Amino acid sequence: ILSTFQLPTASPTRRILVTSAGPQEGKSTVVINLGVTMAQSGSRVALIDTDMRRPRLHKSFGIKRGAGLTTTILGEAEPDEVIQQTDVPGLDVVPCGPIPPNPTELFHTERFSQIVQYLDDSYDRIIFDSPPVLMVADPLILSRMMDGTILVIKGGHTSRDMVQRGIRQLEDVKARILGTVINDLDLEHREYGYYYYRQYGYYYGEKEGDATTG
């Protein structure tokens with residue numbers, strides 16, 4: 001995973017949305033890796049599965065399908081009743097729960113806003129796993145409630161046009177884009193190795209023209 005973002009230090013970045021342009025970009029894996037890294041750094045972290053069409057977090061953590069976020073939004077459970085602890089100290093998961101017929105409508109409810117605020121008061125970081133931004137409106141709605149959004153790109157898979165359209169849609173709703181994570185990047189591949197060397201050599205002070213010589 002090659003990340004091209006840095007959490008701002010000037011203002012707190014507690015609520016983080018992770019999305020991708022299209023499906024099967026590996027965003028859930030990025031969500032988990034971010035959560036584990038932050039928890040191991042001493043933060044209390046909650047991962048929230050807001051991909052209500054194709055939830056993945058419960059499978060990744062071996063959690064049985066049952067009550068979750070949707071159950072809580074519908075008033076059938078309290079947040080504390082659906083929070084699941086993981087084997088990583090300081091890292092908890094709120095699974096999606098039963099898949100609803102109207103996911104987008106649930107994010108507009110006052111109850112969902114209350115749940116987010118409750119989690120915000122209980123954790124240092126909350127990371128939301130959302131659907132792809134070009135597929136449904138859910139991440140655009142969610143991004144307005146976030147402190148920042150990360151766009152996951154799959155190396156050798158996501159087209160430049162998809163990335164540009166995804167960023168444009170997020171910018172249209174005034175989402176705060178923290179940056180991107182390039183997932184499944186093959187640095188042995190000549191094209192990607194060159195990209196990595198050129199971009200990061202230039203970032204660390206090398207003149208852009210020098211990265212193509214030698």
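Bear in mind the structure is a predicted one, so any value in this text is a computation, not a measurement.
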Do [X] and [Y] sit in the same hydrophobic cluster, where Ile, Leu, Val, Met, Phe, Trp and Tyr count as joined when their side-chain heavy atoms come under 4.5 Å apart?
| X | Y | answer |
| --- | --- | --- |
| M135 | I167 | yes |
| V45 | L17 | no |
| I126 | I115 | yes |
| V163 | L178 | no |
| V18 | M38 | yes |

Can you check whether [X] reaches [Y] side chain to side chain, under 4.5 Å on heavy atoms?
| X | Y | value |
| --- | --- | --- |
| T19 | L142 | no |
| P139 | P131 | yes |
| V94 | P79 | no |

Using modelled atom types and a 3.5 Å cut-off, is there a donor and acceptor pairing between side-chain atoms of R44 and backbone atoms of S122?
yes
Taking only residues two or more places apart in sequence or in another chain, which ones pass salt bridge (charged side-chain N to carboxylate O under 4.0 Å, His left out) with R144?
none
Listed partners of R111 passing salt bridge (charged side-chain N to carboxylate O under 4.0 Å, His left out), at least two apart:
E78
Using the side-chain hydrogen bond (donor to acceptor under 3.5 Å, both in side chains) rule, collect all pairs that involve residues 47-64, keeping only residues at least two apart or in two chains.
K27-D51, R53-T104, R53-D138
Sequence neighbours excluded, every pair satisfying side-chain hydrogen bond (donor to acceptor under 3.5 Å, both in side chains) that has a member inside residues 80-91:
D80-Y118
Contacts satisfying salt bridge (charged side-chain N to carboxylate O under 4.0 Å, His left out) that involve residues 149-167 (not counting sequence neighbours) are D161-R165
With sequence neighbours excluded, give me every salt bridge (charged side-chain N to carboxylate O under 4.0 Å, His left out) pair touching residues 16-25.
none
How many angstroms lie between [atom1] in [X] and [atom2] in [Y], if you round to the nearest 0.5 Å?
| X | Y | atom1 | atom2 | answer |
| --- | --- | --- | --- | --- |
| I153 | S20 | CD1 | OG | 10.0 Å |
| D129 | I32 | CG | CD1 | 8.0 Å |
| I48 | L119 | CD1 | CG | 4.5 Å |
| S130 | L140 | OG | CG | 9.0 Å |
| T29 | L57 | OG1 | CG | 9.5 Å |
| H108 | N102 | NE2 | CG | 10.5 Å |

Provide the closest heavy-atom pair for [X] versus [Y] in the form atom of the first, atom of the second, distance.
| X | Y | result |
| --- | --- | --- |
| G35 | L47 | CA-CD2, 3.9 Å |
| T149 | A175 | OG1-CB, 4.4 Å |
| V88 | A39 | CG1-CB, 4.1 Å |
| L134 | Q169 | CD2-NE2, 3.5 Å |
| A21 | T158 | CB-CG2, 4.3 Å |
| V152 | G26 | CG1-C, 4.3 Å |

Residues pairing under ring-ring contact (aromatic ring centres under 6.0 Å, His included) where one sits in residues 128-148, two or more places apart or in two chains, turn out to be none
side-chain hydrogen bond (donor to acceptor under 3.5 Å, both in side chains) against [X], all qualifying residues, sequence neighbours excluded:
| X | answer |
| --- | --- |
| D172 | none |
| D124 | none |
| Q117 | R15, D121 |

Could you please spell out the steps behind the side-chain contact (heavy atoms from CB on, under 4.5 Å) verdict for R176 and T13?
CA-CA 11 Å; R176 182 188 186 194; T13 306; 4.0 Å; yes
Please tabulate, for the side chains in residues 65-75, all donor-acceptor contacts under 3.5 angstrom to protein atoms that are two or more places apart in sequence or on a different chain.
residue : atom : partner : partner atom : Å
T70     : OG1  : C96     : O            : 3.2
T70     : OG1  : P98     : O            : 2.8
T71     : OG1  : G68     : N            : 3.1
T72     : OG1  : G68     : O            : 3.0

Quick one: ring pair (Phe, Tyr, Trp, His ring centres under 6.0 Å) partners of F107, sequence neighbours excluded?
F112
